[in-house]
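Beneath this line is the structure, given in structure tokens, with notes to follow.
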Amino acid sequence: MASLNKLSDAHVLLLAVEQTSNGDLQALQVLLARFPNVLSRTIVYRLVLSFYPVDSPDQTPLVDFLKGLNGGQTDSESHPSISVNPLISSLSQNDAIRQCRILRLQFIPEHAPQDTDDGLASFVIEWARRLEGLGGTLQPLTAFIEQFVTLSPDLKSWYETNLVPILRLQYDFYPESDDVIRLQDLENMTVQEGVSSLLQCARRTRNAFDIARDLNHVVAPWVAGASQTKRRRIDHTTEDSDQEEQPWEYVNEWLINEGLKDFAVAAKTFVEWNGPPEEQEVPESIANYARAGLAIIYSCPESSRDTLTISWDVLSKAVKLTGLMMANLSTSRPNVSLDESFVRNLQDFDLLPASLSKKTNHFTHVTESSTHFVGGVLATASLLTELGLASSFGEIARTSIFGSERRHKDELRRILQQIPRQTRKEIDWRSMRLDLLWCQSWSCNPVTTPDQGPAYLRQLSVKYVEMQVLDALLNAAQYTIVKEVYINSHASPLATSDVEARIVAAIYDAYDNASNGNKDRGGMKRSNEILRAFRTDFPQSTAMADIEHLIRATHSLSFYHLTLQHGVPFRPVAIRVQKDPLTLLEKVLEQDSKAYTKLDDLLEIGRNLVRAHLPSRGSLAQELDPVELRASDAEQRITYHAIMAALAANDFDTAYAYITTRLSSSTASPISNVADDVSWRAAYAAGKFRPSVSPKNLSSQIDSLAQRMELLSRALMLAPSGEALSGILATWRRYEEEMEGLKSQAVEEERSFDARADAALPGGFGLEDRDADRDETKRTMARRTWPASRAGPSYEEEAPMGLFDVARGAATALRKSAAFPLGAGGLRDLKIREGAQESEGGFGESTSSASELEGGRTRKRDMVANMVTNNLVSGLGWVLGAQPQDRVDRVDQGHGSE
């Protein structure tokens, strides 16, 4: 056996390899003691790591060897000699060196700082990793490492920051979990990956207390170790320490991201956890953790009562961490005070989820202004949540800072529409008004100018908000509050004219949305209620006076059948959109077969429509024409259409009554000098009307024809000069011929009846002269009084009045008028040349004699003639044969010379 003293360095190394491979650590320890210059501690660690069997069931020899190695003493005397393998000792020097060169010694990774030892910590850590890979559990490697924890501060630090967190997760906190984190995997993870892996079990429990516990006892130790490793690497690379990223930022980022997924868990975790441990605490870490609290608030996807409660707790915790004074922001209407610099630095994209964790985000930087702003956001969110309009805190912040005027108007309208939908409790409209005014400025003292600073409705003026609130109060029938706040108040927020305008608009809005014209139903009822509630408060209001007439007209119109175009049923708004609302009455008369019989009601509707000043009081026509004139014209129009409807219904008697009693008998309007273009047309239309079924009684036929001729005479009297005269006269001529035929037929019937009666009398004799004279006298008297009394007269004595009779009567009337320009002397000197000598019973003589004999009673035929001719002007000269005055004079002189 070769002596150890004769071995070269190469032979010693080969012998050490053999002893290590055989697990003879005692012999290795002897070699280490005999050849300390050849076998350094690092070489020994590498030999053991490379050749010692890791699967040895008993790790005690290795533990003892390592302890002895680090103790500095070796027991070489107890082993004075060791056996040397002849195969090794027989190698030449060059062969031994060659064998040493081909040895593959494992490199020991630097797991620990190695500031206080010679690689023991790194060796133990690497050996523990091999034990973990061999057994898959942590018990063997834990038992092995714990033997050396007291020997190496670096190993102790690694043990507490890497192995202990895993042990706590797997054996203390979640022993039944199947998610096992390997030590080797954890060491290779980035800080961000490690935080997520260590908190995955707590995250699944969705328990903030578990997450806070794991942050304190699992994540905090591991992050501290990661920080040390990172600082060591930075020191080795001589980088600027100011560029170092705090590993705690990844914990903050995890909380913020968790807030996007589960806000309640993240927020409660923030409140439960106090941030980085004190031994690791630096002011920047605490400030960043407080920043994460505000970011969690902004990450809330939707507000609710629970999220609002925890958000206030998060805000309080963030303020407490930074040492700021917490203002009283938890009231329903806090006074929010913001610096201009804070508002100026805010950016819209900072509210995006990806930007919340950035250090440059001014929304999350905990300052007095930022906390006040969050308080305003939470108070606004509380108001919206109570109304059932839950929105995310980030969206509320975006609207308050960057919202346009259009957006703020939409938000206000959305709130006011939602308030009446609250049915679970009685709505306090006074409080709601104050809340909305607070939203305009985030202050209990409303600011009169818009854009005064961040607020949920900051782009709107106080006046606009008040007017919208007034509209909402009117829609909700809160008339008492309206009077209390806006009318009877000594310091009304709105001018009286503005209040009146909004009330009128509310009435019209309810009116326009009504589906039925009855004022006791639906929208009409509400519009009428608003009018009655405030009419006495505005006694001089012309707009409300117009509305009164409009409601009356609409209510009365609702009782008639009326359908608009395309079968659309009538709605009140149709009156207001019509350029001429009276056309609706025309449609009523067309569609409702019995509407013409209710003329008084229709006339009242027409008058109310006129007095309602539709379509608008300020239109040009209404400014020029007085109401009385327009009402009179409306009555004429309605009466005309009622007459036409009666004729369409074959009701001539009603049409005749309307013409003779309702329409004017003068050619001018009773109110103005404007020509009446309605009455003559109605009279003409009724005059030329022929019943669909003629009366069977000859007397009724004559009476009907006489009435129509009377209407034609009225049309002649009322028609404008020279217009439609030819048509009227042509119709008159036809009726005259028809009347002659009917009267001739009546005479024949009378004679036939008399003949039959005489023949039926026994012993009939001819009349004596005295009897004939008596009968003639009776017939004359009857002729003078017909048709005033139908009982006595005979058609035989009643001759029809011809067209020339009318012409002569017209001439007589025209002589009395000075307006007919046919001669220099006017109509006073007008003379008519008669074409034939009239009989004794002529027009002029019979009229005067009848009047004298009967005490002023005029026959109906004379009355008709007078009506036709009394006011007849131009257009009849060709009928009357009027001659100029100079020509008449020459004719008279010729006769005189004869």
Side-chain angles (χ1 to χ4, degrees), residues 640 643-644 647 652-653 655-656 658-660 663-667 676-691 694-695 698-746 786-787 795 798-814 820 832 834-836 838 841-844 846-847 858-882:
Y640 170 77
I643 292 170
M644 301 307 295
L647 295 176
F652 175 79
D653 293 336
Y656 177 81
Y658 287 167
I659 294 173
T660 56
L663 294 181
S664 173
S665 59
S666 173
T667 58
D676 180 10
D677 193 47
V678 174
S679 298
W680 78 268
R681 293 183 183 276
Y684 181 38
K688 64 181 180 180
F689 171 78
R690 288 186 176 275
S694 299
L698 184 60
S699 176
S700 299
Q701 294 181 17
I702 294 175
D703 291 343
S704 174
L705 187 58
Q707 288 179 326
R708 284 180 278 154
M709 294 178 72
E710 178 185 352
L711 296 178
L712 287 177
S713 67
R714 179 183 288 263
L716 279 171
M717 179 182 65
L718 299 178
S721 175
E723 184 175 353
L725 292 179
S726 59
I728 297 174
L729 292 173
T731 305
W732 177 280
R733 186 172 61 253
R734 290 194 300 270
Y735 282 0
E736 185 179 36
E737 295 173 355
E738 184 178 349
M739 179 65 79
E740 291 176 356
L742 292 175
K743 289 188 174 182
S744 299
Q745 183 180 352
W786 182 88
Y795 289 108
E798 182 59 33
M801 182 173 59
L803 183 60
F804 192 77
D805 294 334
V806 177
R808 289 190 60 201
T812 303
L814 290 172
F820 196 84
I832 303 299
E834 299 180 358
E838 294 299 318
F843 183 88
S846 61
T847 302
T858 305
R859 293 181 308 167
K860 190 169 185 179
R861 58 176 295 183
D862 299 333
M863 180 184 67
V864 172
N866 288 333
M867 290 175 60
V868 175
T869 61
N870 193 31
N871 293 322
L872 195 62
V873 288
S874 65
L876 282 178
W878 61 277
V879 177
L880 304 176

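What you see below is based on every heavy atom in this structure, not just the backbone, and it leaves out hydrogens, waters and symmetry mates. For the single chain, residues carry numbers from 1 onward in sequence order.
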Separation of Ser679 OG from Met717 CE (nearest 0.5 Å): 9.0 Å

message: Could you walk me through whether Arg681 and Tyr640 satisfy the side chain to side chain contact (heavy atoms under 4.5 Å, CB included) test, starting with their C-alpha distance in whole Å, then the side-chain angles of each, then the deciding distance to 0.1 Å, before giving a yes or no?
response: CA-CA 8 Å; Arg681 293 183 183 276; Tyr640 170 77; 4.1 Å; yes

- prompt: Taking atom OG of Ser700 and atom CG of Leu705, what is their separation to the nearest 0.5 Å?
  reply: 12.5 Å

task: For the residue pair Leu663 and Leu718, establish whether any side-chain heavy-atom pair is separated by less than 4.5 Å.
output: no

- prompt: What is the minimum heavy-atom distance between Leu712 and Lys688, and which atoms define it?
  reply: CD2-N, 4.3 Å

statement: Rounded to the nearest 0.5 angstrom, the CE-CG distance for Met709 and Leu716 is 10.5 Å

- prompt: With a 4.5 Å heavy-atom cut-off, do Trp732 and Ser713 have their side chains touching?
  reply: yes

- prompt: Does Arg708 count as lying over the ring of Tyr735, i.e. NZ or CZ under 6.0 Å from the six-ring centre, within 45 degrees of the axis?
  reply: yes

task: Could you check if a side-chain atom of Phe652 sits within less than 4.5 angstrom of a side-chain atom of Leu647, using non-hydrogen atoms only?
output: yes

- request: Could you list the residues that satisfy side chain to side chain donor-acceptor pair (under 3.5 Å) with Thr731, not counting sequence neighbours?
  value: Arg734

message: Ignoring hydrogens, what is the shortest heavy-atom contact between Ile659 and Ala686? Give both atom names and the distance.
response: CD1-CB, 3.2 Å

query: With Glu738, which residues qualify under side chain to side chain donor-acceptor pair (under 3.5 Å), at least two apart?
result: Arg690

field: Expected output: side-chain Tyr684 to main-chain Leu711 donor-acceptor under 3.5 Å
entry: no

task: Check for a donor-acceptor pair, side chain of Ser744 on one end and backbone N or O of Glu740 on the other, with a separation under 3.5 Å.
output: yes

- request: Please examine the side chains of Glu710 and Tyr656, heavy atoms only from C-beta on, and report whether any two atoms are closer than 4.5 Å.
  value: yes

statement: All heavy atoms of Ala685 vs all of Met644, minimum pair found to be CB-SD, 3.8 Å

